[in-house]
Amino acid sequence: MRVYKLEGRGIRGTILGVIIVGVGVLIVASALTLLIILGAAATLIAAGVILYRRLTGRPVPGVPPSFRRRGLDPAMEVFATEVEVRPAEREPAKVLPADRIDREGGHR
């Protein structure tokens with residue numbers, strides 16, 4: 001079994017290794033920060049565009065108008081032709097009177 005050792009060739013090698021790792025961490029942190037800033041900026045721009053279009057009454061492209069604006073279509077309404085009322089197949093649940101239930105929701 002091979003064993004690898006990190007033997008420094010002096011203080012210069014150790015400092016150089018720490019600097020290289022530090023630069024790598026700095027690059028990754030900077031990239032993540034830029035992505036977060038870009039996402040936040042895009043969200044603000046999109047919210048501004050949607051707010052502007054809503055205030056001016058222009059429709060947002062690609063988004064269908066809501067039912068509130070369109071209204072319901074009475075031609076699409078469906079009615080039952082025959083109605084059959086069947087008796088209950090089981091007994092209804094028994095409800096206790098309000099005076100038998102204490103404040104914590106338990107029974108006396």
Side-chain angles (χ1 to χ4, degrees):
M1 175 188 243
R2 286 186 153 179
V3 177
Y4 295 97
K5 294 181 184 178
L6 183 61
E7 293 180 5
R9 296 184 182 131
I11 193 77
R12 287 184 184 167
T14 306
I15 291 175
L16 184 62
V18 169
I19 289 174
I20 290 173
V21 170
V23 169
V25 168
L26 185 65
I27 289 172
V28 169
S30 299
L32 288 175
T33 303
L34 287 174
L35 282 174
I36 291 171
I37 290 171
L38 183 65
T43 302
L44 288 174
I45 290 171
V49 168
I50 289 173
L51 181 64
Y52 171 76
R53 287 185 170 270
R54 182 162 293 196
L55 290 175
T56 58
R58 296 181 186 173
V60 178
V63 177
S66 66
F67 281 111
R68 207 173 3 176
R69 271 197 205 145
R70 278 192 307 196
L72 297 175
D73 185 8
M76 301 292 289
E77 197 167 344
V78 178
F79 297 100
T81 55
E82 290 184 26
V83 178
E84 179 184 343
V85 179
R86 296 185 210 169
E89 295 179 11
R90 60 185 173 114
E91 286 187 30
K94 294 181 182 178
V95 178
L96 294 175
D99 60 324
R100 292 199 49 202
I101 300 174
D102 63 9
R103 292 184 187 171
E104 289 82 28
H107 304 292
R108 289 187 198 172

Handout entry: Chi angles and distances behind the side chain to side chain contact (heavy atoms under 4.5 Å, CB included) call for Ile11, Ile15
Key = CA-CA 6 Å; Ile11 193 77; Ile15 291 175; 3.8 Å; yes

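- Taking a 4.5 Å side-chain heavy-atom cut-off between Ile, Leu, Val, Met, Phe, Trp and Tyr, the cluster of Leu55 extends to Leu51.
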Taking only distance into account, with no hydrogens and no angle test, what donor-acceptor pairs under 3.5 Å do side-chain atoms of residues 22-30 form with protein atoms, sequence neighbours excluded?
residue: Ser30; atom: OG; partner: Leu26; partner atom: O; Å: 2.8

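- In this structure Glu84 satisfies the salt bridge (Lys or Arg N to Asp or Glu O under 4.0 Å) test together with Arg86, sequence neighbours excluded.
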